[in-house]
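Order of listing sets the numbers, starting from 1, for every ligand and every atom in it. Bear in mind that the values here come from a model prediction, so they are computed numbers and not experimental data.
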Amino acid sequence: MADLRETPDRVEEPWGQRTPYGPGERWPVRVDVHLADGLAESDVDRWVQSASILHSNGDAMDIAVKDGRIAGVRGRAVDRVNRGRLDPKDLYGWQANNSPDRLTRPLVRRGGRLVETDWDTAMGAVVARSRELLDGPGGWGRFGFYTSGQLFLEEYYTLAVIGKAGLGTPHMDGNTRLCTATSAAALKASFGTDGQPGSYTDVDHCDAVALWGHNVAATQSVLWTRMLDRRRGPNPPAMLAVDPRTTPVAREADVHLAPRGGTNLALMNGLLHLIIHNGWYDERWVAAHTVGFDELARVVDGYPPRRVARICDLEAADLERAAELLGRSERLLSTVLQGFYQSNQATAAACQVNNLHLLRRMLGRPGAGLYQMNGQPTAQNTRETGADGDLPGMRNWDNPAHVRELAALWNVDEMTIPHWSPPTHAMQIWRYAEQGSVKLLWVSATNPAVSLPDLARVRRILAKDDLFVVVQDLFRTETAELADVVLPAATWGEKTGTFTNADRTVHLSEKAVDPPGEARADLDIFLDYARRMDLRDRDGRPLIRWRDAEGAFEAWKECSAGRPCDYTGLTYDKLRGGSGVQWPCTPDAPEGTERLYTDGVFHTDPDYCETYGQDLATGAEHTAEQYRARQPAGRAFLHAADYRPSPEVPDEEYPLLLTTGRSLYQFHTRTKTGRAPELNAAAPEPWAEIHPEDAGPAGIADGDLVEVASRRGAVRVRAVVGGIRRGTVFIPFHYGYFDVDPAKRVPAGPTS
Ligand SMILES: Nc1nc2c(c(=O)[nH]1)N[C@H]1C(S)=C(S)[C@@H](COP(=O)(O)OP(=O)(O)OC[C@H]3O[C@@H](n4cnc5c(=O)[nH]c(N)nc54)[C@H](O)[C@@H]3O)O[C@H]1N2
Ligand SMILES: Nc1nc2c(c(=O)[nH]1)N[C@H]1C(S)=C(S)[C@@H](COP(=O)(O)OP(=O)(O)OC[C@H]3O[C@@H](n4cnc5c(=O)[nH]c(N)nc54)[C@H](O)[C@@H]3O)O[C@H]1N2
Ligand SMILES: [Mo]
C-alpha cells in the first residue's frame, strides 16, 4: 500500500483518515503536512529535524524553513512514535514562533514599570541580587527555582547542577508538580524507580485498552489514531474508558464508567476485588515477583461491587463488565492521566493500576503495556535530570552512596548537594516565597499566574516587594507582567536539544532558525548565569564546563550511566536522520530498549531504588531500615490503600463538583496555540459542561452565559448542556483572563 499523505483541515478532522491494521502488524505510515498558505513542499528551503513540544507523545516532525523563518511542519514517516502523523496543535502551533509580539529584549522593572534593557544590565541585576542573598543570612535557602516540563534535557541538567552543586539549594521544582508528578510517584512506589514499563508498539499487539482518566483523543491525538486504527482493523482490542465525561474516548469504548469525581481509588479497589475473587490473576508469578499481596487482597475484599457502585455512583453490573473486560484480556494496555493524577488520592489510585498489571502479569511483553502517562513534552527529562528537585539519574536523596556518586561526578563536597531532607515541592517553594524566606524566585517556561491553584494568592506572591522574580519566557505573559526581570527566551525550532517522550523515546530537536531579536536559548541563559556567578568545583575549576547543547548532553550521559535512564549509547549523531531511540540505550543495547521489566525483576533493590517510599495514606517518608526490612529483592510492591472521600465534597451550598482539563485545540495557557489562527478559532473561549438534570432546574439552556462559583472564586462562561455525568461541571483551564457579562449563577464545589 502506498503511504498516505494528508493535508486536510485538521480542525474539522482532528484524527485524519484511518489506516486500519491488525494485531501484530506494523502501523501504516501516514504523513501529515501543513505549510504556510501558498507554500508547496518543493518551495521549502530546508527541513530540520525535530519533535512535538505540545504534548508528551513525542511525535517526530521536520520543520520547514523558508527565507529564514519557520513555514510549516511535516511528520517523520521513519519515526517509531507517529509514523508520520501530527496532532492539530503541531500542524498549526508553529505559527506562534513568528508572532510579532515575541519578547526580543530583556526587561527590568524601573519605577514600577517593565522597561527594555540589554542583557548585561538584566543579568547583572539577577547576579547582584543572587550574590547578595548567597552571601547573606539564609544563603541557599533564599533561592527558589520554578521550572517546567517544556525545556530541553540539556537545559534542565544545567539548571539542576547550578542548583544542587553550585548554590546548594533544595528549593527547585517544575510545573511538573501540577502535571505528572503522580506518574513518577506511582512508578517509584510500585517498581522502585521512575520509567515507563511499556512501549507504544503495545498498541499494535494488545487485545484490550483501558484509559484511566485519560482523554487521549484530545491530549495525545496521534496515540489515539493508533488506537482507532487498531479498532477499525481485524481483531480489534476491547476498550474501557473511565471518565466522568462522555469524551470521544468514552464514546468509542465498549465499557464506559463515569464515576463520581474523586472516587477513583474506590473504583480501583472494586475492580481488583473482582479480579481476585474471579481468580483472574497469576498466582505463581505474583508470589515470585511481588510483595504485599495478602494486604492488598485484605483491603480490596472490603470493596464488593454494591459498595463501590454506591461510592462511585455507578451500576454494579457496569463494574462487573469492566472487570471482565480487564480480567479476560490477554494483552492489556493501560494509560493513566489527569483524571487520576489531579484527583483525590492520586498516587494510591494510580498504584492500583500498577497492581492490576502486576496481578495479571501484564508487563514486559508485547501488548501488555502500562503507562503512568506524562503530560508535558519534556516532563520526563525534568524528572530524570533532577530539575524537579529529585537527584539526577533517578538517584535516591536518602541514599548516601547516590549522593557520593554525584559529588564525585561534579567534584564538589557531598554536603553542598541538598540531601538532608526530601526536596522542596513547588507549593512549598511558593509558601516560602509568601512567608519571605525565599527571596529570589526564578520562573522558567511556565506561566504560574494562570496555571497554579488559587491564582489570587499566586499573583499576590509574585507582586511582593521583597521577592525578586525572574521570568524566562517567549512572551509577556501574565506571570512576566509581575516580574522584576524578564529574560527573552528562544524556543523549539530556535535552539538545539533533546527530549524524551512518555514511552522513553529520545528525540533530537535541531535549531532551524534564529530566535527573534536578542532572545537567547534557555541553555545559554543558564550557562551565562553560572559564569557570572563564578560557580566553581572543589578544585577551583568552573563547575560547568560545557558550552553548548551537545556538551551538556555528553555531561548528562556520564551522570545517567548505570541508572535506569542510561543514555550512554546515544549521541546527537545517532539521533539524526532516523527514528527516536528509547532509553536505556547503552553500548550493550545500542538500539535502545523497547520494554522494561521483561525478566520480572524490578528496580526495588535498596541500593538501586529511587526512594525508600512513603506511606500512601499519610505521605510519611519511610527510612532505609524500614525499606530494607521488607526485603523486596527485585520484587515489585503491591500497595494497598482504603478510599477516603476528598476533604471537600459537594454540599448543600455548593452542590456540584467542578473539574478542569483540556481542549483538543489549545495548549495550557495558550501562549502558543492562542497565537495560531486555526487553533484559536477552533476554541476561542472557555465553556462549562453541565448535565441536563443540573442545568434544567437552574434554568440554564445550551449556550447561556453562566457564572460558576466555588468557595475560592468564580468564572463566567457559556454553558454546554450534556456530555458529562450528573453533579459534575467541567471547564477547560486554558483561559487566563477571560470574562464575559455576568449572568446566571451555578454554584459548584471543589475540584475533584
Ligand atoms: N490538546 C491538548 N493536549 C495536551 C495538553 C493540552 O493542554 N492540550 N496538555 C498536555 C499535558 S501537560 C497534560 S498533563 C495532558 C493531560 O491529558 P488528560 O489527562 O487526558 O487531559 P485532562 O483534560 O486534563 O483530563 C482528562 C480527563 O480526566 C477526567 N476527570 C476529571 N476528574 C476525574 C476523576 O475524578 N476521575 C476520573 N476517572 N476522571 C476524571 C476529565 O473529565 C477529563 O476528560 O495533556 C497533554 N496534552
Ligand atoms: N485548573 C487547572 N490548572 C492546571 C491544570 C488543569 O488541568 N486545571 N493542569 C496543570 C498541568 S497538567 C500543567 S502541565 C500546567 C501547565 O501550566 P504552564 O506550564 O504554566 O502553562 P504553559 O502555557 O505551557 O506555560 C509555559 C510557558 O513557557 C513558555 N515557553 C514555551 N517554550 C519555552 C521555551 O523554550 N523557553 C522558555 N523560557 N519559555 C518557553 C510559554 O510561552 C508559556 O508562557 O498547568 C497546570 N494547571
Ligand atoms: Mo501537564
State the atoms of ligand 1, each with its element, that fall below the 4.0 Å cut-off from a heavy-atom position in [X].
| X | answer |
| --- | --- |
| H214 | 20 (O) |
| H55 | 47 (N) |
| C179 | 12 (S), 14 (S) |

Pair [X] + [Y], salt bridge at N-O below 4.0 Å:
| X | Y | answer |
| --- | --- | --- |
| R245 | D243 | no |
| K495 | E154 | no |
| D173 | R177 | yes |
| D101 | R476 | no |

Where ligand 2 meets [X] - atom numbers and elements under 4.0 angstrom, heavy-atom basis:
| X | value |
| --- | --- |
| A490 | 34 (C), 35 (O), 36 (N) |
| Q472 | 37 (C), 38 (N), 39 (N) |
| K672 | 31 (C), 32 (N) |
| Q376 | 14 (S) |
| F667 | 24 (O) |

Using a 4.0 Å heavy-atom threshold (strictly under), name the region of [X] that reaches ligand 2: side chain, backbone, both or neither.
| X | answer |
| --- | --- |
| N175 | side chain |
| T477 | side chain |
| A489 | side chain |

Residue, atom name and distance, where the atom is the protein heavy atom closest to [atom]:
| atom | result |
| --- | --- |
| atom 22 (P) of ligand 2 | H668 CB, 3.4 Å |
| atom 41 (C) of ligand 2 | T671 OG1, 3.1 Å |
| atom 12 (S) of ligand 2 | R662 NH2, 3.0 Å |
| atom 26 (C) of ligand 2 | A445 O, 3.4 Å |
| atom 30 (N) of ligand 2 | L474 CG, 3.9 Å |
| atom 32 (N) of ligand 2 | T491 OG1, 3.2 Å |
| atom 15 (C) of ligand 2 | S451 CB, 4.1 Å |
| atom 7 (O) of ligand 2 | Q342 OE1, 3.1 Å |

Hey, does the side chain of [X] reach the backbone of [Y] with a donor-acceptor pair shorter than 3.5 angstrom?
| X | Y | result |
| --- | --- | --- |
| D87 | K89 | yes |
| R504 | Q196 | yes |
| Y200 | L223 | no |
| Y665 | P14 | no |
| R459 | A449 | yes |

Quick check on [X] - does any of its heavy atoms sit under 4.0 Å from an atom of ligand 1?
| X | value |
| --- | --- |
| F340 | yes |
| Q220 | no |
| P732 | no |

Can you check whether [X] has an N/O within less than 3.5 Å of an N/O in ligand 1?
| X | result |
| --- | --- |
| P259 | no |
| W212 | no |
| Y665 | no |
| S663 | yes |
| S343 | yes |
| T247 | no |
| A218 | yes |
| G262 | yes |
| V242 | yes |
| D243 | yes |

Going by the closest heavy atom to [atom], which one wins out of [options]?
| atom | options | result |
| --- | --- | --- |
| atom 42 (O) of ligand 2 | D473, D522, L151 | D473 |
| atom 40 (C) of ligand 1 | P377, G213, P244 | P244 |
| atom 18 (P) of ligand 2 | T446, L658, I525 | T446 |

Does ligand 2 come near enough to [X] that some N or O of the ligand is less than 3.5 Å from an N or O of the residue?
| X | result |
| --- | --- |
| S444 | no |
| Q338 | no |
| N447 | yes |
| T660 | yes |

* Below 4.0 Å from any atom of ligand 2, is there a heavy atom belonging to F152? -> no
* Asked: Are L265 and N344 side-chain neighbours, meaning at least one heavy-atom pair lies under 4.5 Å?
  -> no
* For Y341 and Q372, test the side chains for any donor-to-acceptor distance below 3.5 angstrom and give the result as yes or no. => yes
* Asked: Do we see a donor-acceptor contact under 3.5 Å between the side chains of H357 and S334?
  -> yes
* Region of S221 that comes within reach of ligand 1 [heavy atoms, distance under 4.0 Å] -> neither
